[in-house]
Amino acid sequence: MRIHNATAQPQAQWLEFTVPTAAPVFATATNPLGGPSGYQAETAYPDLQATRTTVDVVVDGLPVWSSTQNRLRPKRVPGVKGDLWLKTGSALGSGKTTLFLGTLPAKSALHVLVVLRTDARLLAPDCKLDYSVSPSLKRCHAHREQLGIPSVAAWSGAPTLRPAIDVFLN
């Protein structure tokens, strides 16, 4: 996005946006009912899990706002139950944020970039048989990292959605 000050006077600039929400979805390899008689219920957690969800706001090449959420299950730590969470910056999904971008000189412009990233690294080779449904049905680990992109309804000849990012001038 490019922000212009077309006037002959300096103008204070604010950028307001709705912070995206992280929405991870996963299922664990499991045999929920224990299988045929004599078998215990089994669950296979990932051997290794490292996921990251990041949102950055960059103005003229300089970072001005950031949020990162990591979920880790390191392979090198035996006996770790549950995930390790590392969160930095502002909380994802925390509503609206307003950033003061400074006073823009007359007849000048700023370039604003909002970067959304997710990635996942998993080592979950095990699947479990679900005997309650079929002796050959396998339930395997599945994982998806995603970010909800905040948007608002707009009209430009047809109903559309646009990102929920607004610029305010003073």
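Note that the numbering runs from 1 along the sequence shown for the chain.
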Asks: Supply the atom-to-atom distance Asp60 CG to Arg2 CZ, rounded to the nearest 0.5 angstrom.
Replies: 9.5 Å
Asks: For Leu72 and Leu86, what are the C-alpha separation, side-chain angles and deciding distance, and is it a side chain to side chain contact (heavy atoms under 4.5 Å, CB included)?
Replies: CA-CA 8 Å; Leu72 306 170; Leu86 301 173; 3.6 Å; yes
Asks: Would you call Arg52 and Thr68 a side-chain contact if the rule is heavy atoms closer than 4.5 Å?
Replies: yes
Asks: Within the side chain of Thr54, is there an N or O that forms a donor-acceptor pair under 3.5 Å with the backbone of Arg117?
Replies: no
Asks: Enter the distance from Gln146:CD to Leu116:CG here, rounded to the nearest 0.5 Å.
Replies: 12.5 Å
Asks: Taking atom types as modelled and ignoring hydrogens, do the side chains of Glu145 and Thr53 form a donor-acceptor contact shorter than 3.5 angstrom?
Replies: yes
Asks: Is any side-chain heavy atom of Phe17 less than 4.5 Å from a side-chain heavy atom of Val114?
Replies: no
Asks: Answer with yes or no whether the hydrophobic clustering places Leu99 together with Val58; edges join I, L, V, M, F, W, Y residues whose side-chain heavy atoms lie under 4.5 Å apart.
Replies: no
Asks: Do you know which two heavy atoms are closest between Leu92 and Ala22, and how far apart they sit?
Replies: CD1-CB, 3.9 Å
Asks: Working to the nearest 0.5 angstrom, can you tell me the gap between Asp119 CG and Asn70 CG?
Replies: 8.5 Å
Asks: Going from CD on Gln13 to OG on Ser108, what distance comes out if it is rounded to the nearest 0.5 angstrom?
Replies: 8.0 Å
Asks: Would you please classify the geometry between the Phe100 ring and the Trp14 ring as parallel, tilted or perpendicular, with 30° and 60° separating the classes?
Replies: tilted
Asks: To the closest 0.5 Å, what do you measure between CG (Leu62) and NE2 (His111)?
Replies: 13.0 Å
Asks: Between Asn5 and Pro105 (side chain of the first, backbone of the second, donor and acceptor by atom type, cut-off under 3.5 Å), is there such a pair?
Replies: yes
Asks: Would you say Val64 ends up clustered with Leu104 if hydrophobic residues are merged whenever their side chains have heavy atoms under 4.5 Å apart, either directly or through other cluster members?
Replies: yes
Asks: Shortest non-hydrogen contact from Ala91 to Ser67?
Replies: C-OG, 4.1 Å
Asks: In this structure, would Val59 and Met1 fall into the same cluster of hydrophobic residues linked by side-chain contacts under 4.5 Å?
Replies: yes
Asks: Backbone N or O of Ala6 within a donor-acceptor pair of the Lys107 side chain at under 3.5 Å?
Replies: yes
Asks: Report yes if some heavy atom in the side chain of Val112 is under 4.5 Å from a heavy atom in the side chain of Ile3; otherwise report no.
Replies: yes
Asks: Evaluate the side-chain proximity of Thr51 to Arg121: yes if any heavy-atom separation is below 4.5 Å, no if none is.
Replies: no
Asks: Are Trp65 and Val19 close enough, and set up right, to give a side chain to side chain contact (heavy atoms under 4.5 Å, CB included), and what steps lead you there?
Replies: CA-CA 11 Å; Trp65 187 93; Val19 179; 3.8 Å; yes
Asks: Who are the side-chain hydrogen bond (donor to acceptor under 3.5 Å, both in side chains) partners of Thr97, not counting sequence neighbours?
Replies: none
Asks: Verify whether one side chain among Ser66 and Asp56 offers a donor that lies under 3.5 Å from an acceptor in the other.
Replies: yes
Asks: Between Gln49 and Arg71, is the side chain to side chain contact (heavy atoms under 4.5 Å, CB included) condition met? List the steps.
Replies: CA-CA 7 Å; Gln49 175 177 322; Arg71 177 183 302 146; 2.8 Å; yes
Asks: Would Val55 and Leu147 count as a side chain to side chain contact (heavy atoms under 4.5 Å, CB included) if you check the C-alpha gap in whole Å, the side-chain angles of each, and the deciding distance to 0.1 Å?
Replies: CA-CA 9 Å; Val55 177; Leu147 272 167; 4.0 Å; yes
